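Here's the structure we're looking at; comments come further down.
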Amino acid sequence: MSRGRFITLEGGEGAGKSTQEAMLAQSVTDRGYRVVRKREPGGTPAGEAIRHVVLSPESDGLDARAEALLFAAARGEHVARVIRPALERGDVVIQDRYLDSSVAYQGAGRVLDAGEIRALSLWAAEGALPDLTVLLDLDPARARARLDADDKPFDRLEAEREDFHSRVRDAFWTLAADEPERFLVVDASQPPASISAALQARVIPLLSAGSDDVEG
Ligand code: T5A
């Protein structure tokens, strides 16, 4: 089965994922590839409904395991209905957040078992893993200053305390160290154009390399 490429962007709040996702999508499109731009949670009607539930301040106090199941449910729906078909068509999927966010936020942030959280997501997604995951690493205090400057209301997870976001950052580092072939770690305090150049240097060769089957 020929397949496209699955690229995810990860990191804490305000690290610049949306900014880099847009820049990368443009540069890949400019090279003639068909790009599918996605985010999680979301991407399907049911996924967007779950996004509302998990991010809304109205869900304050949501049980940590219920939260983990909701993110995994949205992911299962997204992979089955959108991501896997796009990869099978040969498209390049560039996505803001995927299962590493669950391991970092629900595993480390909520202090659930990281292995169980990863296994839950892999089960939901029938084993689909990205070809490349870009970790945009930024000190949470610096990221918070960016979000404050944006002056948008914080969602339920953004509003978590500083120690929550420090645990999330540490968990992303651990994930990147555990799978160095899948992860590209970039210092997100650099200017957007420098970060984008680093991403393109890794992604463009990946697109022209030989294709494998979808994992799982
Ligand atoms: N979540 C998600 C889980 O808990 N478990 C899961 O399994 C999943 C999938 C998603 C929330 O859900 C949680 C994690 C999140 O809390 P979201 O709305 O998708 O919520 O929020 P984020 O992904 O955190 O998106 P943000 O918009 O907060 O941050 P981004 O996308 O990282 O940052 P961006 O690009 O919007 O930039 C933020 C600001 O910084 C500026 C931008 O212009 C903008 O003003 N900026 C820079 N400034 C200086 N230098 C740079 N290099 C800059 N890059 C961007």
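As the structure lists them, so they are numbered: ligands from 1, and atoms in each ligand from 1. These numbers were taken from a predicted model, which means no experiment stands behind them.
Residue contacts with ligand 1, taken as heavy atom pairs separated by less than 4.0 Å, do not involve Arg142 at all. The side chain of Arg75, and not its backbone, has at least one atom closer than 4.0 Å to an atom of ligand 1 (non-hydrogen atoms only; side chain from C-beta on). Residue contacts with ligand 1, taken as heavy atom pairs separated by less than 4.0 Å, involve Leu147 solely via side-chain atoms from C-beta onward. Under 4.0 angstrom from ligand 1, there are no non-hydrogen atoms of Val54. Using a 4.0 Å cut-off between heavy atoms, Lys17 contacts ligand 1 through both its backbone and its side chain. Heavy atoms of Ile195 found under 4.0 angstrom from ligand 1 belong exclusively to the side chain.
Every N/O-N/O distance between Pro191 and ligand 1 stays at or above 3.5 Å. The shortest N or O to N or O distance between Glu40 and ligand 1 is not under 3.5 Å. Ligand 1 has a nitrogen or oxygen under 3.5 angstrom from a nitrogen or oxygen of Gly16. Considering backbone and side-chain N/O of Ala15, one or more are found under 3.5 Å from N/O of ligand 1. Here's the thing with Glu67: none of its N/O atoms is less than 3.5 angstrom from an N/O atom of ligand 1.
Under the side-chain hydrogen bond (donor to acceptor under 3.5 Å, both in side chains) criterion, Asp150 pairs with no residue at all, not counting sequence neighbours.
Salt bridge status for Arg81 with Glu77: present, with a side-chain N to carboxylate O gap under 4.0 Å. Of the charged side-chain nitrogens involved, none lies within less than 4.0 Å of a carboxylate oxygen, so that Arg3 and Glu88 do not count as a salt-bridged pair.
Which of Glu21, Gln190, Arg146 comes nearest to atom 40 (O) of ligand 1 through a heavy atom is settled by distance: it is Arg146. Comparing heavy-atom distances from atom 10 (C) of ligand 1 across Gln20, Arg97, Met23, Glu158 singles out Arg97 as nearest. Closest heavy-atom approach to atom 37 (O) of ligand 1 within the set Asp96, Val186, Leu70, Thr19: this belongs to Thr19. Counting heavy atoms only, Asp155 comes closest to atom 20 (O) of ligand 1 of the residues Leu136, Leu157, Asp155, Val103.
Stacking of Arg110 on the aromatic ring of Tyr105 is not recorded, the 6.0 Å distance cut-off and the 45° axial limit not both being met.
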